[in-house]
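Right, I'll just put the structure down here and ask away after.
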Amino acid sequence: MPRLSSALRLAPLVLAALCAAQSVHAQNPAVAPTPAQVSPEVDKAFTQLMASPAIQKLLDAVKADHERSVEDLKMLTEIEAPPFKEHKRAEAFLARMKALGLTHAKIDAEGNVIGLRKGTGNGPKLLISAHLDTVFPAGTDVKVKERDGRLHAPGIADDTRGLAVLLSWLKVLNDNKIQTVGDLMIVGNVGEEELGNLRGMKAIFRDNLDIDGMVGLEPSPPGSVLVLGTASHRYEVTFQGPGGHSFGAFGQVPSAIHGMGRAIAKIADIRTPSFPKTTFTVGTVGGGTSVNTIAPDARMAIDIRSDDMASLLETEKKILTAIDDAVVEENKRWNVNTLSASTKLIGDRPGGRTPPDSVIVEAATRSNAAFGHKTLLRGGSTDANVPISLGIPAIIVGGGGKASGFHALSESIDVTDAWKGAQNSLVTVLGLVGVQGVNPALLPKRAPRTK
């Protein structure tokens with residue numbers, strides 16, 4: 001059990017870093033420098049936490065609950081949860097939350113499972129979450145198979161492990177009668193994957209205007225703290241023309257596929273900045289009716305992403321202009337004006353950054369140091385995008401376990417000593433909301449937002 005001596009204070013965030021030269025950190029570039037030190041208030045709160053017999057007992061309980069938690073992991077993994085079809089898993093997660101003491105937990109109108117564990121009062125409200133949905137379609141074999149010391153099943157790590165950790169935290173907090181100062185809003189949310197478009201998180205922050213911060217759980221290596229939300233826009237583009245016979249109508253009508261081809265070529269030539277990283281791709285294409293038909297229709301889907309909203313919008317503008325220009329050129333080629341293109345926004349993920357010197361990041365950094373990990377500040381597109389875009393402090397951390405094969409049928413996780421990650425992230429949470437008689441809440445209360 002990690003205990004923090006007076007010698008291991010913040011100067012030693014650098015010392016704690018010694019054990020963290022992990023290859024995964026080298027493979028995931030930092031988006032901001034790791035804080036060299038944290039505020040005295042943060043340091044003091046975590047020193048108090050780690051020195052508390054009650055908290056040490058709680059962390060022992062996390063370890064003791066590991067095997068039972070793995071059974072929750074297996075049970076939830078074997079319930080299909082494709083995008084927009086998460087309800088069966090939501091019901092199972094809700095039943096477990098109620099059995100573990102959150103009797104007033106519920107499923108909201110969007111499909112999120114929400115339960116509130118009240119604090120002593122006058123503390124902050126911290127959302128802790130993991131997403132219910134996976135990328136895998138209905139009918140996928142999600143039976144958990146054990147081999148080579150790993151658990152194999154689609155979705156078992158991303159993000160079913162996070163759901164199981166939330167349930168374990170709820171159990172040990174209640175069993176050990178730990179009273180937090182702030183409220184813990186415990187959520188299994190929908191809509192994180194694919195075209196779910198973060199609908200679950202958008203609904204939560206639309207309907208709950210008094211959330212002061214968020215800590216989300218996703219498969220992550222030790223020490224990883226997501227602080228940057230990569231923004232994205234996705235478009236479905238449809239090209240339409242009159243169509244006609246490939247021989248008989250040649251020269252009289254434009255081809256929707258040819259027009260789309262012109263657009264793709266123009267899009268491919270667009271240049272984007274390497275910093276902030278900004279990307280695009282035409283991900284899918286389709287159309288036409290037969291090999292000997294001038295296509296009356298064609299369609300494509302475009303993904304645009306950036307670590308900076310202004311860069312995303314600039315690239316989006318260039319892409320939409322390229323589509324318009326391609327239509328003009330295809331019509332001009334045949335001296336007609338019968339080809340058109342329409343665009344539909346099918347994905348909108350806002351983005352932004354949680355400042356590295358914010359309390360929520362310093363808390364995660366300090367907790368990582370207590371467990372012997374160097375913090376890596378990283379970015380990505382997750383549920384945290386929503387609160388970050390609203391100016392609400394939010395991070396994503398790991399819940400323990402060594403995962404691989406995300407979004408692949410070969411997805412797996414090694415849960416050996418995974419309780420260590422669950423301990424680490426729980427200490428981050430307890431530092432933020434405070435524990436009665438142990439440490440004050442570090443997360444500031446915010447004035448409630450207005451709709």
Quick one: does F46's side chain get under 4.5 Å of V38's, heavy atoms only?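 In short, these two side chains do not touch, never coming nearer than 4.5 Å.
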Inter-residue atom distance L58.CG - L426.CG, 0.5 Å rounding: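 If we round to the nearest 0.5 Å, L58:CG and L426:CG are 5.5 Å apart.
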Compare all side-chain heavy atoms of M201 with those of V190 and state whether any distance is below 4.5 angstrom.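 Counting from C-beta outward, M201 and V190 never come under 4.5 Å.
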Hey, is the main chain of V397 close enough, under 3.5 Å, to the side chain of S425 for a donor-acceptor pair?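 Looks like no, no N/O pair under 3.5 Å.
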Side-chain donor or acceptor of S168 paired with backbone N/O of A164 under 3.5 Å: no
Main-chain N/O of V144 paired with E78 side-chain donor or acceptor, under 3.5 Å: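 The answer is yes, because a donor-acceptor pair under 3.5 Å joins these two groups.
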Please give me the minimum heavy-atom distance between L132 and G188, naming the atom from each residue.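 In terms of heavy atoms, the two residues are closest at CD1-O, 3.2 Å.
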Just wondering, do Y235 and D303 contact through their side chains at under 4.5 Å, heavy atoms? no
Should E314 and K317 count as an ion pair when the cut-off is N to O under 4.0 Å? no
Go through the side-chain N and O atoms of T284 and R299 and say whether any donor and acceptor fall under 3.5 Å apart. no
Is the backbone N or O of V172 less than 3.5 Å from a side-chain atom of N176, with the two atoms forming a donor-acceptor pair by type? yes
Determine whether V427 and F371 satisfy the following criterion, side-chain contact (heavy atoms from CB on, under 4.5 Å), listing intermediate values before the conclusion. CA-CA 10 Å; V427 168; F371 285 83; 3.8 Å; yes
Below 4.0 angstrom, N of the basic side chain to O of the carboxylate: do D43 and R366 qualify? yes
Atom of I395, atom of I360 and distance for their closest heavy-atom approach: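 So the two residues come closest at CD1-O, 3.8 Å.
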Donor-acceptor pair, side chain of S274 and main chain of T272, under 3.5 angstrom: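 The answer is no, because no donor-acceptor pair under 3.5 Å joins these two groups.
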Please determine whether the number of non-hydrogen atoms from other residues, nucleotides or ligands lying under 6.0 Å from atom NZ of K145 exceeds 12. yes
Using only atom types and a distance under 3.5 Å, with no angle test, would you say the side chain of S358 pairs donor to acceptor with the backbone of T354?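 Judged by distance alone, no pair lies under 3.5 Å.
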Examine the side chains of S412 and R150 and answer whether a donor and an acceptor come within less than 3.5 Å of each other. yes
Verify, without hydrogens or angle tests, whether D65 (side chain) and A61 (backbone) share a donor-acceptor contact under 3.5 angstrom.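 Answer holds: no.
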Before giving the answer on side-chain hydrogen bond (donor to acceptor under 3.5 Å, both in side chains), spell out for R161 and T77 the whole-Å C-alpha distance, their side-chain angles and the decisive distance to 0.1 Å. CA-CA 9 Å; R161 168 62 184 168; T77 298; over 6 Å; no
Pairing donors with acceptors under 3.5 angstrom, does anything connect the side chains of S381 and T230? no
Run the salt-bridge test on R117 and D183 with the 4.0 Å N-O cut-off and return the result as yes or no.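 A salt bridge is absent here (no side-chain N lies under 4.0 Å from a carboxylate O).
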Determine whether E71 and K74 satisfy the following criterion, salt bridge (Lys or Arg N to Asp or Glu O under 4.0 Å), listing intermediate values before the conclusion. CA-CA 5 Å; E71 294 306 309; K74 294 176 182 177; 3.5 Å; yes
Keeping D133 on the side-chain end and A81 on the backbone end, is there a donor-acceptor pair under 3.5 Å? no
With the side chain counted from C-beta on, respond yes when K85 and E80 share a heavy-atom pair under 4.5 Å apart, and no when they do not. no
Would you call D60-K63 a salt bridge at under 4.0 Å N-O?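 Salt bridge flag = no for K63 with D60.
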Could E193 and R349 be called an ion pair, given the rule that one side-chain N must be under 4.0 Å from one carboxylate O? no
Does the side chain of H87 come under 3.5 Å of the side chain of E91 through a donor N or O and an acceptor N or O? yes
Side chains of N197 and L195: does their closest heavy-atom pair fall under 4.5 Å?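 No. Closest side-chain heavy atoms not under 4.5 Å.
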Polar side chain donor-acceptor pair, S220 to R378, under 3.5 angstrom: yes
Distance alone, cut at 3.5 Å: any donor-acceptor contact between the side chains of H131 and D383? no
Please report the closest heavy-atom contact between F205 and L209, naming both atoms and the distance.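 Shortest heavy-atom contact: O-CD2, 3.7 Å.
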Under 4.0 Å between a Lys/Arg side-chain N and an Asp/Glu carboxylate O for K125 and D210?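 Yes, charged N to carboxylate O under 4.0 Å.
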Could you tell me the separation between the CD atom of E218 and the CG atom of D159, rounded to the nearest 0.5 Å?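 Result: 4.0 Å between the selected atoms.
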Close side-chain approach of I396 to V225, heavy-atom, < 4.5 Å: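 Contact flag for I396/V225 side chains = no.
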Derivation of the side-chain contact (heavy atoms from CB on, under 4.5 Å) call for W419 and E67: CA-CA 9 Å; W419 49 269; E67 294 301 328; over 6 Å; no
Within-4.5 Å side-chain heavy-atom neighbours: I178 and V438: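 They are not in side-chain contact.
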Could you check whether S367 and T428, counting side-chain N and O atoms only, form a donor-acceptor pair closer than 3.5 Å?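 The answer is yes; a qualifying pair exists.
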Please indicate whether K266 has more than 12 foreign heavy atoms, meaning atoms of other residues, nucleotides or ligands, lying under 6.0 Å from its NZ.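 More than 12 heavy atoms, drawn from other residues, nucleotides or ligands, come within 6.0 Å of this atom.
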How many angstroms lie between atom OG of S404 and atom CD of E411, to the nearest 0.5 angstrom?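 So the OG of S404 and the CD of E411 are separated by 8.0 Å.
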Got a donor-acceptor contact below 3.5 angstrom from the E236 side chain to the K344 backbone?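 Looks like no, no N/O pair under 3.5 Å.
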Determine, stepwise, if the pair R96 / M75 fulfils side-chain contact (heavy atoms from CB on, under 4.5 Å). CA-CA 11 Å; R96 293 296 297 130; M75 179 272 292; 3.7 Å; yes
Any idea which heavy atoms bring P82 and P137 closest together, and the distance?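 So the minimum-distance heavy-atom pair works out to CG-C, 3.9 Å.
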Heavy atoms only: give me the nearest M309-A231 pair and the separation to one decimal. SD-CB, 3.6 Å
Any non-hydrogen side-chain atom of F93 less than 4.5 Å from a side-chain atom of K88?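 No, too far: nothing below the 4.5 Å cut-off.
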Looking only at heavy atoms, what is the nearest atom pair of G196 and F84, with distance?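 Closest approach of G196 to F84: CA-CZ, 3.9 Å.
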Side chains of S306 and D308: donor-acceptor distance under 3.5 Å anywhere? no
Measure the spacing between CE of M97 and CG of L163 and express it to the nearest 0.5 Å. 10.0 Å
Taking atom NZ of K143 as the centre, does the number of heavy atoms from other residues, nucleotides or ligands within less than 6.0 Å exceed 12? no
Distance, nearest 0.5 Å, that separates CG of L166 from CD1 of I186: 7.0 Å
Separation of S232 OG from I304 CD1 (nearest 0.5 Å): 9.0 Å
For R353 and V227, indicate whether the former's side chain and the latter's backbone hold a donor-acceptor pair under 3.5 Å. no
For a side-chain contact (heavy atoms from CB on, under 4.5 Å) check, start with the C-alpha distance between I302 and I319, then their side-chain angles and the critical distance, and finish with the verdict. CA-CA 9 Å; I302 307 171; I319 288 173; 3.8 Å; yes
